[in-house]
Number of protein chains: 2
Amino acid sequence: MTNLGDLEIFARVVSSGSMSAAGRALGFSPAVISKRIKRLEDRLGTRLLQRTTRQISLTEAGQGFYDRVLGILTGIEEAEAYASGRSSQAQGVLRISAPTSFGRMHIAPHLTGFMKDHLDLKLHIVLTDDFTDIVAEGFDMAVRIGELTDSSLVARKLAPVRRLLCASPDYIARNGAPNEIGDLARHFCLPAHNNDNWKLEGPEGSLVWHPEGPLVTNSSEIVRAAVIAGAGIALRSTWDIGPELRSGQLVQVLPQWEGSKNLTLSAVYPSRQFLPAKVRLFIDYLAALYGPVPYWEQ
Amino acid sequence: MTNLGDLEIFARVVSSGSMSAAGRALGFSPAVISKRIKRLEDRLGTRLLQRTTRQISLTEAGQGFYDRVLGILTGIEEAEAYASGRSSQAQGVLRISAPTSFGRMHIAPHLTGFMKDHLDLKLHIVLTDDFTDIVAEGFDMAVRIGELTDSSLVARKLAPVRRLLCASPDYIARNGAPNEIGDLARHFCLPAHNNDNWKLEGPEGSLVWHPEGPLVTNSSEIVRAAVIAGAGIALRSTWDIGPELRSGQLVQVLPQWEGSKNLTLSAVYPSRQFLPAKVRLFIDYLAALYGPVPYWEQ
DNA sequence: TTGAGCTTTTCCATTTCGGAAACAATGGCA
DNA sequence: TGCCATTGTTTCCGAAATGGAAAAGCTCAA
């Protein structure tokens, strides 16, 4: 019969990329790790890890097995938390992946509020703009901005995402404001990294504009700084430049045009029959925080 | 760290209702079962089973834990089957719950066709008209006829369900055929057990008729036999009386009226990230068998 | 009241498990 | 190119766990 420890060890070996490292993390000698991986492979009749003495890689069977094992382990964690009566109470470690800018501006400031209600919970937050495979990377959930797709994940909408064209008053004073969409051709535009093309919706329907400008970067933080500094016109989300619009550091241009509306801010997590309390609570917290009309829209 | 054997033992104790029985089933002495249940409870800090020396019942925590453990165990089974390369091949035991009549008429005859393609698979089929909790009862899937509801289960539609009013020619000869819906009041009607009221849809909209007749039973098999024997008018599904309609043993009455159409034949299974191959294959088999227009409708 | 059948405890034999050490293999670095 | 630190594997041994038999305590039904 399968030993659960073998699965934990296997998962740790994969996530740490080495048997020795897994052994150190779990408090076992390398010998034990090696033996139990071998035993697991023998029982399954398959090689899970392709190993040289210096590095380890997953076989195809190993990859699929690993994805499943992660689900099983968190399932067990959740079942034990439930039975231990800590079901409605968050406990353990909550691993979250979130976009860098949004995470810094609209998650980080609210974390303390969540943590003080859940003292037994540790948060691991990774900010990245890569669309990581949350199940393979071992995340409990991710906050994402994008179109809702993704097969095996459940998405819960947190807020709509509005994107506006904007520039600094300074820039407008120097270059004038565009009156119609074609005027953009005579302006400095600041494309952001993963949407080189601007999908815009206006009174006359939708349109794709290819922005051209002096600055190309993969960092939306740099675009943000550049537009505030008066470098040109950018298409920015309201959550990103809401305060600047209110304070007058930025003004909207071509207000009849907005970014295409099929973007949403959502929380995604692996589909599971029983969602761990920590995940449910955190998503509820975010949803309540942003509400139907997020504070950055008001 | 949790021992997987403890979970298997716990699940078996619950499903068999006794520690001794679980021990016999798993090949352990009663002493071992007792010790490991105790260990599990100690680790969780909760009592899972309320026990007297003669019988065992689940505590609330135990019930929730049991539901989760079942998911975990089948998850492990699936993960191992995947890694063993038997992923696309059905293997193990497939436990199915199905309605009695439908199961006898439209599942049982086709089982051999499925089994000969999957020699490593054993089938456990339980026919019952109770809406059992498939996850708690340890079923992999169920075939159901009804309105699509149910929260945590995934339903896949297999076929629409049409229900017609019918009677034997013999009965019609003796009693005449009803011409309009109100005529039913002067006829013998045969209600079936779980739909005492007939929800009908006709040209003038829908209607609920309360059938009155000399025979009341909870067995749809008896209703079926009765209507064929000429005891009255019944509302039967086409999958039930299709052959009799074709052979002339039964004729449709009030053809402008049919049973309400929001009934479907569907396969339901617990929502899981990785569906076991055996379940997927069997559902595919049934779906292909019945097709968009089931053979009993043709 | 009795007895069958259940759970639990105790003690013992057996198996399994983990670690240290020795060994083999690889890749980085001088 | 050659050295060496690091890594995975194997072997052997002590320690811990597991499973079983027997006995005890209990409950329900006849």
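Letters A, B, ... are given to chains in the order of the sequence lines, protein chains preceding strands, and every chain is numbered from 1.
For A:Ser29, the listed nucleotide lying nearest its side chain is C:dG19; candidates were C:dC17, C:dG19, D:dG20. Of the candidates C:dG18, C:dC6, D:dT10, D:dT10 carries the atom nearest the A:Ala31 side chain, counting heavy atoms from C-beta on. In the set C:dC6, D:dT10, D:dT9, C:dC6 carries the atom at the smallest distance from any side-chain atom of B:Ser18.
Look at B:Arg51 and you won't find any side-chain N or O under 4.0 angstrom from OP1 or OP2 of D:dC26. For the pair B:Ser34 and C:dT7, the criterion of a side-chain N or O lying under 4.0 Å from OP1 or OP2 is not met. Applying the 4.0 Å criterion to OP1 and OP2 of C:dC17, one finds that A:Asn3 has a side-chain N or O inside that range.
Atom CD1 in A:Ile56 sits roughly 13 Å away from atom P in C:dG27 (whole-Å rounding). Per the geometry, CZ belonging to A:Phe28 stands 17 Å off C1' belonging to D:dG8, to the nearest Å. As rounded to whole Å, 12 Å separates atom C1' of C:dG18 from atom CZ of A:Arg39. Atoms CD1 (A:Ile9) and C1' (C:dG19) sit 13 Å apart, rounded to a whole Å. Atoms CD (A:Gln55) and C1' (C:dT26) sit 10 Å apart, rounded to a whole Å. Note: CD (B:Gln50) to C1' (C:dT8) measures 15 Å, nearest angstrom. Nucleotide C:dG19 holds its P atom 14 Å from the CZ atom of A:Arg24, rounded to whole Å. Distance, A:Met19 CE to C:dT26 P: 15 Å, rounded to whole Å.
For A:Thr128, the side-chain contact (heavy atoms from CB on, under 4.5 Å) partners two or more places apart in sequence, or in a different chain, are A:Ser97, A:Val126, A:Asp130, A:Thr132. In this structure, the side-chain hydrogen bond (donor to acceptor under 3.5 Å, both in side chains) partners of A:Asp284, at least two apart in sequence or on a different chain, are A:Arg156.
A:Ser20 comes within 4.0 angstrom of the backbone, heavy atoms only, and of no base. Among the protein residues, A:Gly23 comes within range of no part of the nucleic acid, since none of its heavy atoms lies under 4.0 Å from any strand. Across all strands shown, B:Gly17 has no heavy atoms under 4.0 Å from either base or sugar-phosphate atoms. As judged by a 4.0 angstrom heavy-atom cut-off over every strand, A:Ile33 is placed among residues making no nucleic acid contact.
A donor-acceptor contact under 3.5 Å is not formed by the side chain of A:Lys38 with the base of D:dG8.
Nearest-nucleotide positions on DNA chain C place B:Ala21 closer to the 5' end than the other of B:Lys35 and B:Ala21.
A salt bridge between B:Arg36 and B:Glu41 is absent, with no side-chain N of the basic residue lying under 4.0 Å from a carboxylate O of the acidic one. Classification of A:Lys278 and A:Glu77 as a salt-bridged pair holds, one side-chain N sitting under 4.0 Å from a carboxylate O. With respect to A:Glu80 and B:Arg68, no salt bridge is recorded, no charged nitrogen being found less than 4.0 Å from a carboxylate O.
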